[in-house]
Asker: 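Just passing along the structure, written as structure tokens.
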Amino acid sequence: MLVFDELKKNDPQLRLVAILLVTGFLILLAGLWWVQVVSSHKYQSHQETQAYRTIRVPAVRGKILDREGRVLAENRPRYNLCLYFDDLDDQFKKEYERIRPVKVAPPSGPVWKVWRYSSAATLQHQRLTREQIEALTWQARYNVVSQIFTRVGQQLGQPLVLDPKKFVHSYEQERAMPFVILPNLDEAAIARFEENLQADRGVNLQLQAVRYYPLGSTAAHLLGEMRLDTSSMNGEESFFNYRLPDYLGVTGVESLFDNELHGRAGIESVLVNSQGYRQSEGVVSQPEPGNNLVLTLDLDLQRAAENSMVSHQGPLAHAAVVVMDVHSGDILALASSPTFDPNDFAQGITPEKYQQIEQLTAEKNRATFENYAPGSIFKTVVALAALENGLNPNEVYDVQANPERPDKGCIYIGRRKIEDTAPPGAYDFQKAFIHSSNAYFITNGLRAGVENIVRMGERFHLGERTGLLPHQETGGDFPSLDHVTSPEWRAGETANLCIGQGEIDVTPIQMTVLISAIANGGTVLWPRLVDRLVPQDAGAGAPLRQFPAGLVRDQLNVHQRSLQIVRRAMRADVQDSDGSGVAAAVPGLIICGKTGTAQVQDEHNHTIGHNYWFASFAPFEKPKYAVVVMVQSTEEAGSGGKICGPIAHDIYEEILKKENRAPVLAERNSAAGRHVIPVGQ
């Protein structure tokens with residue numbers, strides 16, 4: 001080689017140059033080997049932690065539909081006006097130079113030149129400490145972003161103020177992510193942005209999917225509440241640098257089926273530079289959308305129940321309605337009042353709004369999660385126990401007059417007098433039932449024995465949850481056999497139980513299951529709220545999961561004669577002119593019902609309110625629907641028939657309309673050559 005040939009020559013200077021070249025080449029090779037081989041893992045780790053960021057991208061949440069496919073919950077696009085810090089780096093530097101302190105530097109040089117050009121003094125930057133530079137840098141960033149906020153607010157007609165703490169957190173922790181200037185822009189604001197702000201560097205619109213309930217407060221307690229939550233679900237990657245907004249179901253079916261509705265989040269990888277700004281991005285895995293949830297709910301009946309409660313009792317009434325198919329157990333309507341708008345929670349509820357909901361106790365699902373004394377609607381259970389133990393329904397019982405109120409009856413249990421709402425006179429079973437005579441049912445309940453009443457209540461599974469909403473349901477209270485057969489139990493307590501007071505509390509959903517069992521011939525069902533899970537892609541084929549209808553929980557094992565006697569008495573309570581439930585009657589539909597009123601007492605046994613009930617089913621010949629209405633009031637406003645009957649009337653009126661429309665729709669579809677299968681059947 002040329003280098004080695006030159007080294008052979010007797011030229012010391014040339015030899016020195018050659019040696020230096022070879023030495024430098026060896027040093028370069030050694031350095032390359034050190035970086036590429038010895039320190040490769042260190043630099044690779046440094047590159048990964050400093051240059052790549054992973055982002056959790058939420059999946060599209062599944063819809064919630066009623067039994068006919070009408071949307072109860074869906075996702076809507078929301079436009080946020082955002083700022084991207086990586087587009088503002090030049091502006092940050094210019095602002096820093098503008099606000100950096102300067103000092104006047106006198107001209108230097110020979111004395112005669114200083115005297116001659118004394119006006120030529122120059123400005124120089126002051127020397128700053130590291131802390132001063134850091135503070136000045138933050139001030140420059142804040143000034144730039146604050147000016148953008150002010151400018152955007154002026155052009156959109158909405159004054160905007162930059163939160164310093166939020167800004168610092170976003171810049172330090174989420175620099176590569178968009179910083180929200182104004183969330184949830186309406187159409188007018190979007191139009192103004194398109195017209196005025198597109199040229200503003202760093203400002204852009206961000207599209208975000210948000211949970212939306214198009215019907216507002218309709219079925220709110222069943223649908224439930226959502227809250228913002230970005231945590232990883234089971235089976236997802238657990239570590240992310242950034243997480244885009246996502247939701248978690250807190251109550252209702254949003255919580256009960258959160259995993260199925262939620263889907264599976266995707267992953268984006270973002271390359272950032274040494275300053276933390278976004279350089280490029282790529283998709284590691286696409287999000288997998290959640291499944292749609294089809295409920296057994298009938299939107300028409302749900303609206304009828306909610307509208308009727310508001311119409312008759314006002315929006316702040318403490319009330320509940322349950323409508324159930326007596327053969328399948330399908331919940332067709334479940335309403336609770338007062339109610340709330342689940343959109344408030346999905347979009348981030350304000351403390352003031354949440355406090356208002358708490359003050360109204362509007363978050364409580366009164367159909368499943370509150371205990372109420374049942375009053376006279378429990379007489380259906382007492383009646384079955386008495387009939388099964390030999391009560392002759394034609395036997396006449398004389399109700400004695402109340403000495404203090406001769407127009408009303410009474411009964412004495414020991415020295416205790418229990419007043420009757422029915423007038424004194426002769427009563428057979430049906431007459432006592434429709435007038436809800438306390439004296440009659442206490443007398444025959446005592447004859448049947450408290451043990452048989454409790455056993456009958458246990459067959460209905462009173463005191464136990466129905467399983468409809470496991471985390472939002474109470475089992476109520478019901479005495480056990482051991483308790484009622486103990487020496488501490490008294491006849492007066494049995495008398496209270498016979499009229500649905502004392503040591504008994506129920507929920508409207510429990511009483512709906514009870515009435516359904518009486519209507520369908522003695523089968524106690526598990527109520528069903530969800531019909532099936534289906535993929536969001538309508539062409540994906542069969543449902544992913546079908547929830548069976550008509551699941552049997554128990555059998556009453558009573559004589560059909562006993563059930564028929566009770567059903568006829570319930571029919572008379574609505575259809576006869578002197579029945580207590582006539583306010584619920586609907587022409588063209590034979591409704592069977594039982595009214596009830598129970599006192600609500602405080603710890604000092606002072607009456608502080610009343611529970612008003614109407615428990616019913618229809619039609620009499622072929623029962624299909626059970627309707628239970630409960631209204632709680634702090635005032636003595638009448639009776640269960642007067643308070644709850646009109647609400648039940650409105651619901652049955654809607655039921656009759658739907659029943660009459662069904663054949664017409666079927667005929668039209670048949671004529672058009674279409675075969676329609678109702679959702680949920």
Side-chain angles (χ1 to χ4, degrees), residues 221 305 308-309 312-314 316-323 334-338 360-362 364-382 418-422 436-438 441-442 457 460 462-463 466 473-479 493 495-515 570 573 580-581 583-584 593-616 626-648 651:
H221 293 89
S308 184
M309 282 195 299
H312 293 288
Q313 295 298 319
L316 302 182
H318 289 189
V321 172
V322 182
V323 182
L334 191 148
S336 177
S337 175
L360 297 174
T361 63
K364 290 185 178 181
N365 188 340
R366 289 178 163 80
T368 63
F369 209 32
E370 285 284 283
N371 291 331
Y372 303 97
S376 293
I377 61 173
F378 184 71
K379 289 174 182 175
T380 54
V381 178
V382 178
I418 299 177
E419 296 182 348
D420 202 335
T421 56
S436 201
S437 171
N438 289 339
F441 280 94
I442 289 173
F460 287 105
L462 296 179
T466 67
E473 186 177 5
T474 176
D477 298 298
F478 194 68
E493 293 172 296
N496 286 338
L497 187 64
C498 289
I499 58 176
Q501 300 209 161
E503 295 193 27
I504 178 174
D505 288 299
V506 299
T507 62
I509 185 64
Q510 287 177 325
M511 298 313 295
T512 309
V513 172
L514 185 151
I515 293 298
M570 293 179 70
D573 198 24
S580 58
K594 181 71 189 82
T595 62
T597 303
Q599 293 179 347
V600 180
Q601 296 182 328
D602 60 17
E603 62 273 12
H604 305 294
N605 294 326
H606 297 149
T607 300
I608 59 174
H610 292 80
N611 299 331
Y612 299 103
W613 291 88
F614 183 74
S616 62
V627 177
V628 171
V629 181
M630 188 285 306
V631 176
Q632 189 176 60
S633 176
T634 56
E635 300 178 0
E636 188 171 356
S639 64
K642 292 180 180 179
I643 301 299
C644 302
I647 298 175
I651 297 169

Asker: Would the distance check show the side chain of S376 and the main-chain N or O of S436 forming a donor-acceptor pair, the cut-off being under 3.5 Å?
Answerer: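 No, S376 side chain to S436 backbone: no donor-acceptor pair under 3.5 Å.
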Asker: Report yes or no: do Q632 and N611 form a side-chain donor-acceptor pair below 3.5 Å?
Answerer: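 There is such a pair (donor and acceptor under 3.5 Å, judged by atom type) between the side chains of Q632 and N611.
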Asker: When rounded to the nearest 0.5 angstrom, what is the spacing between CD1 in I442 and SG in C498?
Answerer: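 Between I442 CD1 and C498 SG, I get 6.5 Å after rounding to 0.5 Å.
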Asker: Keeping T380 on the side-chain end and I377 on the backbone end, is there a donor-acceptor pair under 3.5 Å?
Answerer: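 Side chain of T380 to backbone of I377, a donor-acceptor pair under 3.5 Å: yes, one is there.
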Asker: Work out which heavy atom in A598 is nearest to a heavy atom in P374; give both atom names and the distance.
Answerer: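 That closest heavy-atom pairing would be CB-C, 4.3 Å.
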Asker: Could you check whether any side-chain heavy atom of E503 comes within less than 4.5 Å of a side-chain heavy atom of N496, counting everything from C-beta outward?
Answerer: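 Not touching, per the 4.5 Å side-chain cut-off.
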Asker: Compute whether any side-chain donor of one residue and acceptor of the other, for T361 and K364, lie under 3.5 angstrom apart.
Answerer: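 T361 vs K364: no donor-acceptor pair found between side chains.
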Asker: May I ask you to test the V631-H318 pair for a side-chain heavy-atom distance under 4.5 Å?
Answerer: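 They are not in side-chain contact.
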Asker: Could you report the tightest heavy-atom contact between F614 and G581, atom names first, then the distance?
Answerer: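 Nearest heavy atoms, F614 then G581: CE1-CA, 4.0 Å.
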Asker: Check whether any side-chain N or O of D420 sits under 3.5 Å from a backbone N or O of N438 as a donor-acceptor pair, and report yes or no.
Answerer: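 At least one qualifying donor-acceptor pair exists.
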Asker: If we ignore hydrogens and angles and just use 3.5 Å, is the side chain of S336 paired with the main-chain N or O of R366 as donor and acceptor?
Answerer: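 Indeed, once roles are kept as given, a pair shorter than 3.5 Å links the two residues.
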Asker: Is there a donor-acceptor contact under 3.5 Å linking the side chains of S337 and Q313?
Answerer: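 No pair is found: no donor N or O on one side chain lies under 3.5 Å from an acceptor on the other.
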Asker: Quick one: closest heavy-atom pair of V321 and A305, and the distance?
Answerer: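 Distance-wise, the nearest heavy atoms are CG1-CB, 3.8 Å.
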Asker: Can you name the nearest heavy-atom pair linking T607 to Q599, along with the distance?
Answerer: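 T607 and Q599 have their closest heavy atoms at OG1-OE1, 3.6 Å.
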Asker: Testing the basics here: between A626 and I515, what is the closest heavy-atom pair and its distance to 0.1 Å?
Answerer: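 Scanning both residues, the minimum pair turns out to be CB-CG2, 4.3 Å.
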Asker: Are the side chains of I504 and D477 in touch, meaning some heavy atoms are under 4.5 Å apart?
Answerer: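 I504 does not reach D477 side chain to side chain.
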Asker: Which heavy atom in T597 sits nearest to a heavy atom in S639, and how many Å separate them?
Answerer: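 Heavy atoms only, the tightest pair is OG1-CA, 3.7 Å.
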Asker: Check for a donor-acceptor pair, side chain of E493 on one end and backbone N or O of G502 on the other, with a separation under 3.5 Å.
Answerer: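 Absent.
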Asker: Any side-chain heavy atom of T507 sitting closer than 4.5 Å to one from E370?
Answerer: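 Result no, sub-4.5 Å side-chain heavy-atom pair not found.
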Asker: Looking at side-chain heavy atoms only, is the closest gap between T368 and L334 below 4.5 Å?
Answerer: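 In short, these two side chains touch, coming nearer than 4.5 Å.
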Asker: Taking atom CD1 of I499 and atom OG1 of T421, what is their separation to the nearest 0.5 Å?
Answerer: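 Those atoms lie 9.0 Å apart.
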Asker: Is there side-chain contact between T595 and K642, with at least one heavy-atom pair below 4.5 Å?
Answerer: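 Answer no - side chains too far apart.
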Asker: Can you find a heavy atom in the side chain of L462 that is under 4.5 Å from one in the side chain of F378?
Answerer: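 Yes, at least one pair of side-chain atoms sits under 4.5 Å.
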Asker: Go through the steps for Q510 and T466 under the test side-chain contact (heavy atoms from CB on, under 4.5 Å), then give the verdict.
Answerer: CA-CA 7 Å; Q510 287 177 325; T466 67; 4.0 Å; yes
Asker: Donor-acceptor pair, distance only, cut-off 3.5 Å: does the side chain of H221 make one with the backbone of A362?
Answerer: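 Checking the backbone N and O of A362 against the side chain of H221, a donor-acceptor pair under 3.5 Å is found.
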Asker: When rounded to the nearest 0.5 angstrom, what is the spacing between CZ in F369 and OG1 in T474?
Answerer: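 Result: 7.0 Å between the selected atoms.
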Asker: Using the rule given for side-chain contact (heavy atoms from CB on, under 4.5 Å), can you reason through M630 versus Y372, listing the C-alpha separation, both sets of side-chain angles and the distance that settles it, and then say yes or no?
Answerer: CA-CA 9 Å; M630 188 285 306; Y372 303 97; 3.4 Å; yes
Asker: Can you tell if the side chain of W613 reaches within under 4.5 Å of the side chain of V628, non-hydrogen atoms only?
Answerer: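 A side-chain contact under 4.5 Å exists here.
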